[in-house]
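See structure below.
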Amino acid sequence: MEVIYQYAWLIPVFPLFGAMLVGLGLISLNQVTNRLRQLNAVVIISMMAAAMGLSFALLWSQIQGHAPYLCTFEWAAAGNFHLSMGYTIDHLTALMLVIVTTVACLVMVYTDGYMAHDPGYVRFYAYLSLFGSSMLGLVISPNLVQIYIFWELVGMCSYLLVGFWYDRKSAADAAQKAFVTNRVGDFGLLLGILGLFWATGSFDFNIMGDRLAQLVESGSISNFLAVLFAILVFLGPVAKSAQFPLHVWLPDAMEGPTPISALIHAATMVAAGVFLIARMYPVFEDVPAAMNVIAFTGAFTAFLGATIAITQNDIKKGLAYSTISQLGYMVMAMGIGSYSAGLFHLMTHAYFKAMLFLGSGSVIHGMEGVVGHDPALAQDMRLMGGLRKYMPITSITFLIGCLAISGIPPFAGFWSKDEILGKAFEANPFLWLIGWLTAGITAFYMFRMYFSTFEGEFRGNDDKIKQKLKKAAATIVLELESQEPVPNFGPGAMKKGELAATGEHHDSHDSHDSHGHHSDSPHESPWTMTLPLALLAVPSILIGLVGTPYANYFEEFIFPPSETLSEVIEKASEFNPTEFYIMAGASVGISLIAITLASLMYLRRKIDPAAIAAKIKPLYELSLNKWYFDDIYHRVFVLGLRRLARQVMEVDFRVVDGAVNLTGFFTLVSGEGLKYLENGRAQFYALIVFGAVLGLVIVFGVT
């Protein structure tokens, strides 16, 4: 087994090699490489599959009890400063490697069907492979500096993939928004890293935690500084895992192709924030104030995302806010000290949410045959309905995902979410209450999504609804145009009025006419798309069984660095079935009530949702407008910074440029005047000297 650990560095190298090979082909032999599109896809998938095989071997070795493995080399040295790079394999690393590689492999297979007609098919695979390599490099990093390097690489890949259709303004804007918002968090993370190194002199996670606790205890540094450093580091996960107040980028990131939503925005990159909190747990757990900030941030984010998802009609946007909410659960678990529960939910959520996103892509793929490639129609649930009889595999897998995320036993989400709620009740009943209410809201909006999409009558051929949705989309586009003028850079820039045309191709993955359709009913997706859905359904149902309170294998495998296995087993032996049944009954009960309410509103049509919305119009408007965060940020930051920039430009123009221009003008005038004095005639110079002397004599003589 030791040989496997010596070659563990190949895990991120395999997909990197695939990305380099395909990328070089695109640069040097573009037409040939694009013609051999499926061969390139096979190469990319094979590289990721090799990484997956090695990851499973490492996980099995860790389960069998192999000690954590660390391999480093000195990367930089200056005096007493030494920085090492390398890789580490422990329980957390092995688990994350398997999650990333399995989801990435299935998403890559799915991509072949989803992007089949896209001219950027090969480029998309190269980006996917580069992202996979970056994420795997982040997971195996042994210190904070190396994590930060791969953290930024992951952000760069997210920018490339979200803005994959960069010639469409909506996608380009979404990529920029994601990039800028993440830079805010990453700047805080960088400051936190530097602060912790200044205080502890190390980038190693455990050493930083131990030394920081000792320094605070001895009074060498104040508790305020320790809290400040911890919160600054936490800003990185706040941005990457889309926590309040930096959550606004994730819904807009749905402008990228749907496989990206499944891979980056459900299973891997957004989970990197939770992973970093787990890695930095030795630092956080000794700073109670920071733990409270983490817990309440996660709880509020969970509630915020769920309340916004209730009113979303775009199927991908609804899942995006659902992801924000579930990430809030994970962060809350970390904040209350429930290390294992947070990571357990990370694992289960990665599989069922990836399946839900891929299922939404399958629905969009089927709808586009009827309504064309206009996202205002193909992604709007108001035009769906009755898809179960047309898309049976997609329907079944989507239902499994809805049951899992709603916390219905024995599906995976029940065990992980219930464990978080149980730990929250022990730590702070108020946090439990927020999580409990959020669980009910989650079940409601997920089954609202399922019933609206797959049950009832198919509404895709209703021209009245189509015209209404098109009119609403055109109104939004015109409002955006009036608020934000399109920059005109170069001859290929968009002109005023072209935004509406380019904005329509939201999730189009076909090179045909964006409004073309050729069928009166949707169709099931090809096997390359349905096979990953079926495979992801298996862990969505079964993987939660590894973390039941009766035999919690997961908690015995993943536990905080400050605890020992014997302590974990001792705690597990104190399991009280009565408490479990009460807590589980409460969470399942509110989920069943919410599902019943959703069925009465969207399946049986016994309750009119519009009537309820009218009665609680302020709350409905609050949810529909996403708590007005986008509007506030636009006014404060976008328009405010533009106003500030104009003022700075005025100062630059009038003061800085004015001083430079005045200097030049004075030099010009003085030069022009002096050139008449510098004529080269000695008699003229003598006359000037004589005149000067005469002037001095007169002045001093008069005085």
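Just so you know, residue 1 is the first one in the sequence shown, and it goes up from there.
Annotation for Pro257 and Leu161: closest pair CD-O, 3.7 Å, computed over non-hydrogen atoms. Across all non-hydrogen atoms, the minimal contact from Ser362 to Glu524 is OG-OE1, 3.8 Å. When all heavy atoms of Cys402 and Leu356 are compared, the pair lying nearest together is N-CD2, 4.0 Å. Of all non-hydrogen atoms in Ser322 and Met446, the two that sit nearest each other are OG-SD, 4.2 Å. In terms of heavy-atom proximity, Met332 sits nearest to Ala299 at SD-CB, 3.6 Å. Heavy atoms only, all atoms of each residue included: Trp249 and Lys240 are closest at CZ2-O, 3.5 Å.
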Below 3.5 Å, can you tabulate the donor-acceptor pairs from side chains in residues 407-421 to any protein atom, sequence neighbours excluded?
from: Trp415; atom 1: NE1; to: Pro410; atom 2: O; distance (Å): 3.3
from: Ser416; atom 1: OG; to: His345; atom 2: ND1; distance (Å): 2.8
from: Ser416; atom 1: OG; to: Thr348; atom 2: OG1; distance (Å): 2.9
from: Ser416; atom 1: OG; to: Gly413; atom 2: O; distance (Å): 3.4
from: Lys417; atom 1: NZ; to: Ile405; atom 2: O; distance (Å): 2.6
from: Asp418; atom 1: OD1; to: Ser587; atom 2: OG; distance (Å): 3.2

Scan the side chains in residues 305-313 for donor-acceptor partners under 3.5 Å anywhere in the protein, sequence neighbours excluded, and list what turns up.
from: Thr307; atom 1: OG1; to: Phe303; atom 2: O; distance (Å): 3.1
from: Thr307; atom 1: OG1; to: Leu304; atom 2: O; distance (Å): 2.8
from: Thr307; atom 1: OG1; to: Trp627; atom 2: NE1; distance (Å): 3.2
from: Thr311; atom 1: OG1; to: Ile308; atom 2: O; distance (Å): 3.3
from: Thr311; atom 1: OG1; to: Ser623; atom 2: O; distance (Å): 3.4
from: Thr311; atom 1: OG1; to: Ser623; atom 2: OG; distance (Å): 2.8
from: Thr311; atom 1: OG1; to: Leu624; atom 2: N; distance (Å): 3.4
from: Asn313; atom 1: OD1; to: Arg448; atom 2: NH2; distance (Å): 3.1

Donor-acceptor pairs are to be reported for all side-chain atoms of residues 428-436 against protein atoms at under 3.5 Å, with residues two or more places apart or in another chain.
from: Asn428; atom 1: OD1; to: Phe430; atom 2: N; distance (Å): 2.9
from: Trp436; atom 1: NE1; to: Ala586; atom 2: O; distance (Å): 2.9

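A donor-acceptor pair under 3.5 Å is formed between the side chain of Arg459 and the backbone N or O of Met381. Listed for the Ser241 side chain is no donor-acceptor partner under 3.5 Å among the backbone atoms of Val238. Thr101 places a side-chain N or O within donor-acceptor distance of the main-chain N or O of Val98, the cut-off being under 3.5 Å. Distance alone, capped at 3.5 Å, is enough to place a donor-acceptor pair between the Thr596 side chain and the Leu592 backbone. Not one N or O on the side chain of Trp151 forms a donor-acceptor pair closer than 3.5 Å with the backbone of Ala272. The main-chain N or O of Met254 is found under 3.5 Å from a side-chain atom of Lys316 such that the two form a donor-acceptor pair. Remark: the backbone N or O of Val100 is not paired with any side-chain donor or acceptor of Thr268 at under 3.5 angstrom. In terms of modelled atom types and a separation under 3.5 Å, the side chain of Thr397 and the main chain of Ala534 share no donor-acceptor contact.
Atom CD1 of Ile595 sits about 12.0 Å away from atom CG of Leu600, to the nearest 0.5 Å. For the atom pair CE (Met367) and OG1 (Thr453), the distance works out to 9.0 Å, reported to the nearest 0.5 Å. The distance from atom CG of Leu346 to atom CD1 of Ile558, rounded to the nearest 0.5 Å, is 10.5 Å. Annotation: the span from Thr258 atom OG1 to Leu358 atom CG amounts to 8.5 Å, rounded to 0.5 Å. How far CZ of Phe458 is from CE of Met384: 9.0 Å, rounded to the nearest 0.5 Å. Tyr114 contributes atom OH, which lies 12.5 Å from atom OG1 of Thr528 (distance to the nearest 0.5 angstrom).
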Inset, instruction - Give the C-alpha distance, both sets of side-chain angles, the deciding distance and a yes or no for side chain to side chain contact (heavy atoms under 4.5 Å, CB included) between Phe234 and Thr297. - result: CA-CA 10 Å; Phe234 177 57; Thr297 300; 4.0 Å; yes

Legend entry - side chain to side chain contact (heavy atoms under 4.5 Å, CB included) between Ile543 and Phe352, intermediate numbers included: CA-CA 10 Å; Ile543 203 167; Phe352 64 68; over 6 Å; no

Inset, instruction - Test ring pair (Phe, Tyr, Trp, His ring centres under 6.0 Å) on Tyr550 and Phe575 and set out the steps. - result: CA-CA 8 Å; Tyr550 301 99; Phe575 167 61; 5.4 Å; yes

Inset, instruction - Given ring pair (Phe, Tyr, Trp, His ring centres under 6.0 Å), test Tyr329 with His349 step by step and report yes or no. - result: CA-CA 11 Å; Tyr329 269 112; His349 175 264; 9.9 Å; no

Legend entry - Val546 vs Met347, side chain to side chain contact (heavy atoms under 4.5 Å, CB included): CA-CA, chis, key distance, verdict: CA-CA 11 Å; Val546 303; Met347 177 182 71; 4.1 Å; yes

Inset, instruction - Report the C-alpha separation of Val331 and Ile277 in whole Å, then their side-chain angles, then the decisive distance to 0.1 Å, and conclude whether the side chain to side chain contact (heavy atoms under 4.5 Å, CB included) test is met. - result: CA-CA 8 Å; Val331 172; Ile277 297 174; 4.2 Å; yes

Inset, instruction - Walk me through it: do Tyr602 and Phe447 pass the test ring pair (Phe, Tyr, Trp, His ring centres under 6.0 Å)? - result: CA-CA 9 Å; Tyr602 297 100; Phe447 275 87; over 10 Å; no

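Side chains of Leu128 and Ile260 form a contact here, defined as non-hydrogen atoms less than 4.5 Å apart. Here the side chains of Met291 and Met334 are not in contact, with every heavy-atom distance at 4.5 Å or above. Side-chain contact check for Tyr321 versus Lys626: some heavy-atom pair is nearer than 4.5 Å. Counting heavy atoms from C-beta outward, Glu621 and Pro618 have side chains that stay 4.5 Å or more apart. A 4.5 Å side-chain heavy-atom check between Glu556 and Asn552 finds every atom pair outside the cut-off. Phe131 places none of its side-chain heavy atoms less than 4.5 Å from the side chain of Leu160. Side-chain contact check for Leu387 versus Thr394: every heavy-atom pair is 4.5 Å or farther apart. Counting heavy atoms from C-beta on, the side chains of Glu555 and Phe344 never come closer than 4.5 Å.
Contacts of Tyr351 classified as side chain to side chain donor-acceptor pair (under 3.5 Å), with partners at least two apart in sequence or in another chain: Thr102. Judged as a salt bridge (charged side-chain N to carboxylate O under 4.0 Å, His left out), and not counting sequence neighbours, the contacts of Glu455 are Arg388. Annotation: salt bridge (charged side-chain N to carboxylate O under 4.0 Å, His left out) contacts of Lys571 (sequence neighbours excluded): Glu563.
Within a 6.0 Å radius of CZ in Arg604, no more than 12 heavy atoms belonging to other residues, nucleotides or ligands are found. Surrounding OH of Tyr553 are at most 12 heavy atoms belonging to other residues, nucleotides or ligands under 6.0 Å away.
The one candidate from Phe559, Tyr339, Phe275 that meets the ring pair (Phe, Tyr, Trp, His ring centres under 6.0 Å) condition with Tyr281 is Tyr339.
You'll find the ring centres of Phe357 and His265 outside the 6.0 Å limit.
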